[in-house]
Amino acid sequence: MKLIRIQRYLSEQGLASRREAASWIAAGYISLNGQKVTDTGAKMVLGADTLKIDKKASAAPKYYFLFNKPLGIVTVNAQKGEREIKDIVKLPKGVVPVGRLDKDTGGLIFLTNDGVAARRIMDPAFYHEKEYEVTLYKPVSDKALLTLEQGVYILGQKTRPAKTKRLSGYKFLLTITEGKNRQVRRMCEAIGCPVRLLLRKRILNFHLGQLCPGQLKELSNNEKTVLFKTLGIDR
Ligand code: URA
C-alpha cells in the first residue's frame with residue numbers, strides 16, 4: 001500500500017501545481033472516496049482511493065503574459081531597497097513569474113497563474129529552448145563559442161549541448177535547454193569571458209520582439225493555442 005499526499009499526487013499527475021492543489025483543498029474542491037478533503041496534508045492510497053476534483057477548481061480564469069523585465073528589478077522576493085516585478089506592473093491576483101532572471105539580467109519572462117503551464121515551461125526534462133543575447137567585456141573566439149556549444153563544467157556538471165550565433169566580436173546569441181542558477185554567466189566564466197550584459201530574447205517560440213523594458217503583453221488566443229500545443233497541455 002503506497003500512501004501519497006493528495007497535493008503531491010495532483011502535481012505529479014500534472015493536474016495542478018503544489019500551491020494550486022493546496023488552494024483547491026482549502027477551497028473544498030477535492031473529495032476522497034466521496035468525502036470532502038479539508039486538510040492540505042491529507043494522504044491517499046495510490047491505486048485504491050478515488051479522488052474527485054470539482055469542476056469549479058479549474059474554472060478560475062487563467063492569465064498568460066509576456067513581460068520585459070528591466071535591469072535592476074528582482075524577479076521575486078525583493079529585499080530592502082529593491083523592487084520586484086509585481087511592484088512595477090499591475091497583475092491579476094495569483095499571477096507570478098515563471099522561473100527567474102537575475103537582477104542584472106533583462107528581457108523576456110512569462111507571468112501566469114497557470115501552475116501546470118509554468119511547471120512545463122521550467123522543467124528541463126522538456127528541453128524547452130531559452131535564447132539569450134550575451135555581451136562580453138572582450139571579443140570571443142570561434143573556438144570558445146564551440147566550447148560553449150559542446151558543454152562546459154558548471155556546478156560540478158557538464159552543460160547540455162547549446163547553440164550559439166555570433167552577432168559581433170563581443171556579442172552572440174546563446175540558446176540553452178536547461179536553467180541552472182546563473183547558468184549563462186557561469187558558462188561564460190568557464191570560458192574565461194565574464195558577461196557584461198545579459199538579455200533574454202526568446203522562450204520556446206515566444207520572442208521579446210518590440211516589447212519595451214517594463215512592458216506587459218497578454219497572450220492572444222492564437223498565442224495561447226500555440227503555447228498549449230508546444231507544452232503538450234490540454235486547456
Ligand atoms: N543565466 C544567467 O546567468 N542569468 C539569468 O538571469 C538567466 C540565465
Side-chain angles (χ1 to χ4, degrees), residues 65-79 81-89 95-112 117-140 144-168 170-209 211-217 230-231:
F65 296 98
L66 295 175
F67 181 63
N68 184 347
K69 185 186 94 58
L71 298 172
I73 300 291
V74 293
T75 306
V76 286
N77 298 334
Q79 305 297 303
E82 289 181 329
R83 284 189 307 157
E84 61 185 73
I85 293 176
K86 72 173 170 49
D87 298 326
I88 62 165
V89 72
V95 171
V96 292
V98 177
R100 283 181 195 213
L101 285 176
D102 301 334
K103 183 175 177 180
D104 47 354
T105 300
L108 196 61
I109 188 158
F110 268 104
L111 308 173
T112 185
R119 222 175 55 149
R120 284 279 169 111
I121 294 170
M122 282 189 288
D123 190 341
F126 292 96
Y127 283 73
H128 294 313
E129 286 191 349
K130 278 154 261 157
E131 184 181 83
Y132 295 86
E133 185 184 281
V134 186
T135 309
L136 304 172
Y137 285 98
K138 60 180 188 184
V140 61
L145 290 185
L146 188 63
T147 305
L148 287 181
E149 289 185 6
Q150 290 169 339
V152 290
Y153 280 89
I154 61 165
L155 303 166
Q157 270 185 327
K158 194 169 180 187
T159 55
R160 285 179 182 166
K163 291 189 235 167
T164 67
K165 184 175 176 219
R166 179 183 290 283
L167 299 175
S168 74
Y170 291 69
K171 211 188 255 194
F172 62 99
L173 295 175
L174 175 65
T175 305
I176 58 174
T177 59
E178 50 194 339
K180 296 191 194 328
N181 180 262
R182 294 178 78 83
Q183 175 153 351
V184 175
R185 291 172 199 278
R186 287 180 204 269
M187 287 175 75
C188 293
E189 272 154 29
I191 56 159
C193 297
V195 168
R196 180 174 197 165
L197 176 64
L198 189 57
L199 297 173
R200 184 151 68 190
K201 291 289 191 167
R202 176 172 64 87
I203 305 170
L204 313 159
N205 29 17
F206 293 87
H207 292 259
L208 184 63
L211 214 56
C212 299
Q215 197 182 341
L216 187 70
K217 177 184 169 288
T230 311
L231 297 180

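Every number for a ligand or one of its atoms is a count from 1 in the order of the listing. In this chain, numbering begins with 1 at the start of the sequence shown.
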So if I count the atoms of ligand 1 from 1 in the order they appear, which ones are less than 4.0 Å from some heavy atom of Thr105?
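Reading through ligand 1 atom by atom, the close ones are 4 (N), 5 (C), 6 (O).
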
Numbering the atoms of ligand 1 from 1, which are under 4.0 Å from a heavy atom of Arg182?
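Taking each heavy atom of Arg182 in turn, ligand 1 has 1 (N), 2 (C), 3 (O) under 4.0 Å.
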
Among Arg200, Arg185, Arg100, the one residue meeting side chain to side chain donor-acceptor pair (under 3.5 Å) with Thr105
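For Thr105, the side chain to side chain donor-acceptor pair (under 3.5 Å) check succeeds only for Arg185.
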
Measure from NZ or CZ of Arg196 to the centre of the six-membered ring of Tyr170 and say whether it is under 6.0 Å with the direction within 45° of the ring axis.
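Geometry flag: not set, cation outside 6.0 Å or 45°.
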
Nearest heavy-atom neighbours spanning Ala78 and Arg83
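Heavy atoms of Ala78 and Arg83 come nearest at CB-C, 4.2 Å.
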
Could you pull out the closest heavy-atom pair between Leu148 and Thr164, with the gap in Å?
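For Leu148 versus Thr164, the nearest heavy atoms are CB-CG2, 4.3 Å.
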
Can any side-chain N or O of Asp123 pair as donor or acceptor with the backbone N or O of Ala125 at less than 3.5 Å?
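Yes; at least one donor-acceptor contact below 3.5 Å.
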
Report the part of Val184 (side chain from C-beta onward, or backbone N, CA, C, O) that has a heavy atom under 4.0 Å from ligand 1; answer both or neither where that applies.
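Both the backbone and the side chain of Val184 come within reach of ligand 1.
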
Can you tell me which portion of Leu198 lies within the under-4.0 Å heavy-atom range of ligand 1? Options are side chain, backbone, both, or neither.
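Side chain only.
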
Salt bridge check: are Glu131 and Lys165 linked by an N-O gap of less than 4.0 Å?
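A salt bridge is absent here (no side-chain N lies under 4.0 Å from a carboxylate O).
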
Checking a contact table here: which protein heavy atom is nearest atom 4 (N) of ligand 1, and how many Å away?
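Heavy-atom neighbour on the protein nearest atom 4 (N) of ligand 1: Asp102 OD2, 2.7 Å.
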
So, is Arg186 polar-close to ligand 1, with some N/O to N/O distance under 3.5 Å?
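So ligand 1 has no N or O lying under 3.5 Å from an N or O of Arg186.
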
With nothing but distance in play, are any N or O atoms of Tyr132 less than 3.5 Å from an N or O of ligand 1?
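Between Tyr132 and ligand 1 (N or O atoms, distance only) the closest approach is not under 3.5 Å.
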
